[in-house]
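Each remark here refers to the structure printed beneath this line.
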There are 2 protein chains.
Amino acid sequence: MMQQIEKRSHREVPNEEINMKTCPKQYVLAVGDALNAFTGKWKLFIIGALIPGKQRFSELEKNIPKINPRMLSKELRDLEANGIVKRKVNDSLPVSVEYELTPSGYAMRLMFDSMIDWGMQHRAWSMPGKITRQ
Amino acid sequence: MMQQIEKRSHREVPNEEINMKTCPKQYVLAVGDALNAFTGKWKLFIIGALIPGKQRFSELEKNIPKINPRMLSKELRDLEANGIVKRKVNDSLPVSVEYELTPSGYAMRLMFDSMIDWGMQHRAWSMPGKITRQ
DNA sequence: CTGTATCCCGAGGGATACTG
DNA sequence: CAGTATCCCTCGGGATACAG
């Protein structure tokens, strides 16, 4: 079964280490970089819709309530340019286009999981009962 | 050395489990909740500036290049309302005010670390050399 | 089916001046 | 020192219509 050296989190110390103690600015900027990959009103929903597997444009349109084709198209282009999503055109008639997460895209789940962990801890700690989202 | 059952990632299944398989919508929304806590142009920088320890208003102003008092004030109020930052007024003369991260605020580092991990992996995988931030 | 083109609007955020 | 008050403007994003 395919030996994999995945390791899940750097421990062998990567080439350039970024941490709060020695380079706080780089640290914040690095977080901001990751953030840029999925901010915007729809990117997170698109990624979420693609986690279960590839989808066509019209399927995404159906599965993401209230998004309009302009936004869907734009955000998909952004995500593709950023290497989160890959686009595959099937030369059938009529044409169909499939969108799928790249390995980087799928890898976002670990990050999302840790965000959810924080969110739940945060509620438990500081706002037992109250929710701050509009 | 203080036995700690920290575990870094939920495994004992918390009361309400949120995961992509069984409730994809809740999952995405939960990520969005965490996201809301530190979006906006300055929140991340403010949190970053406070990780090393408490700071006064004017110190933050100095340490965060190009922020203006209106924005600093507004973002600090948001962060306080969200339980990320706590504000403490010293009744000296002239008054001084100190801002400090709450436990939830400090706990964001785990989340940030996983975002940085993803960012570095992402670069290694899909954009050897190119950087997509304006 | 898979998008693009136009037009339009409101919120987020900058600059500057002012206050307790 | 620690903020508010005003004014202004950009830009993300909505609605609608059209195109290959």
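Protein chains get the first letters and strands the later ones, always in sequence-line order, with residue 1 at the start of each. Keep in mind that what you see is a predicted model, and the values were worked out from it rather than measured.
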How are the rings of B:Phe38 and B:Phe112 set relative to one another: parallel (under 30°), tilted (30 to 60°) or perpendicular (over 60°)?
perpendicular

Would you say [N] has OP1 or OP2 under 4.0 Å from some side-chain N or O of [X]?
{"X": "B:Arg56", "N": "D:dG3", "value": "no"}
{"X": "B:Tyr99", "N": "D:dC1", "value": "no"}
{"X": "A:Lys41", "N": "D:dG14", "value": "yes"}
{"X": "B:Ser96", "N": "D:dC1", "value": "no"}
{"X": "A:Ser73", "N": "C:dT4", "value": "yes"}

State whether the side chain of A:Ser73 and the backbone N or O of A:Arg70 hold a donor-acceptor pair below 3.5 Å, judged by distance alone.
no

To the nearest Å, give me how far apart [atom1] ([X]) and [atom2] ([N]) are.
{"X": "A:Asp78", "N": "C:dT4", "atom1": "CG", "atom2": "P", "result": "12 Å"}
{"X": "A:Gln55", "N": "C:dC1", "atom1": "CD", "atom2": "P", "result": "14 Å"}
{"X": "B:Asp91", "N": "C:dG20", "atom1": "CG", "atom2": "P", "result": "18 Å"}
{"X": "B:Glu98", "N": "D:dC1", "atom1": "CD", "atom2": "C1'", "result": "13 Å"}
{"X": "A:Leu76", "N": "C:dT4", "atom1": "CG", "atom2": "P", "result": "10 Å"}
{"X": "B:Glu75", "N": "C:dG12", "atom1": "CD", "atom2": "P", "result": "10 Å"}
{"X": "B:Lys74", "N": "C:dG14", "atom1": "NZ", "atom2": "C1'", "result": "13 Å"}
{"X": "B:Phe57", "N": "C:dG20", "atom1": "CZ", "atom2": "P", "result": "17 Å"}

I would like to know whether B:Asn19 and A:Ile116 meet side chain to side chain contact (heavy atoms under 4.5 Å, CB included); could you show each step before the answer?
CA-CA 9 Å; B:Asn19 73 65; A:Ile116 291 176; over 6 Å; no

Distance from B:Leu35 atom CG to A:Met115 atom CE, nearest 0.5 Å?
4.5 Å

Specify the residue among A:Trp42 and B:Pro94 whose closest nucleotide of DNA chain D lies further upstream toward the 5′ end.
B:Pro94

Grab the two heavy atoms, one from [X] and one from [Y], that are nearest each other, plus how far apart they are.
{"X": "A:Gly83", "Y": "A:Ser104", "result": "O-CB, 3.8 Å"}
{"X": "A:Val28", "Y": "B:Leu44", "result": "O-CD2, 3.8 Å"}
{"X": "A:Thr39", "Y": "A:Lys43", "result": "O-NZ, 3.0 Å"}
{"X": "B:Glu61", "Y": "B:Leu72", "result": "N-CD2, 3.8 Å"}

At a heavy-atom distance below 4.0 Å, what parts of residues 59-71 of chain A sit against DNA chain D?
A:Asn68, A:Arg70, A:Met71

The bend of the helix from C:dC1-D:dG20 to C:dG20-D:dC1, taken between the axes of its five terminal pairs at each end and rounded to 10°, is 50°

Of all residues at least two apart in sequence or in a different chain, which pass the salt bridge (charged side-chain N to carboxylate O under 4.0 Å, His left out) check with B:Lys41?
none

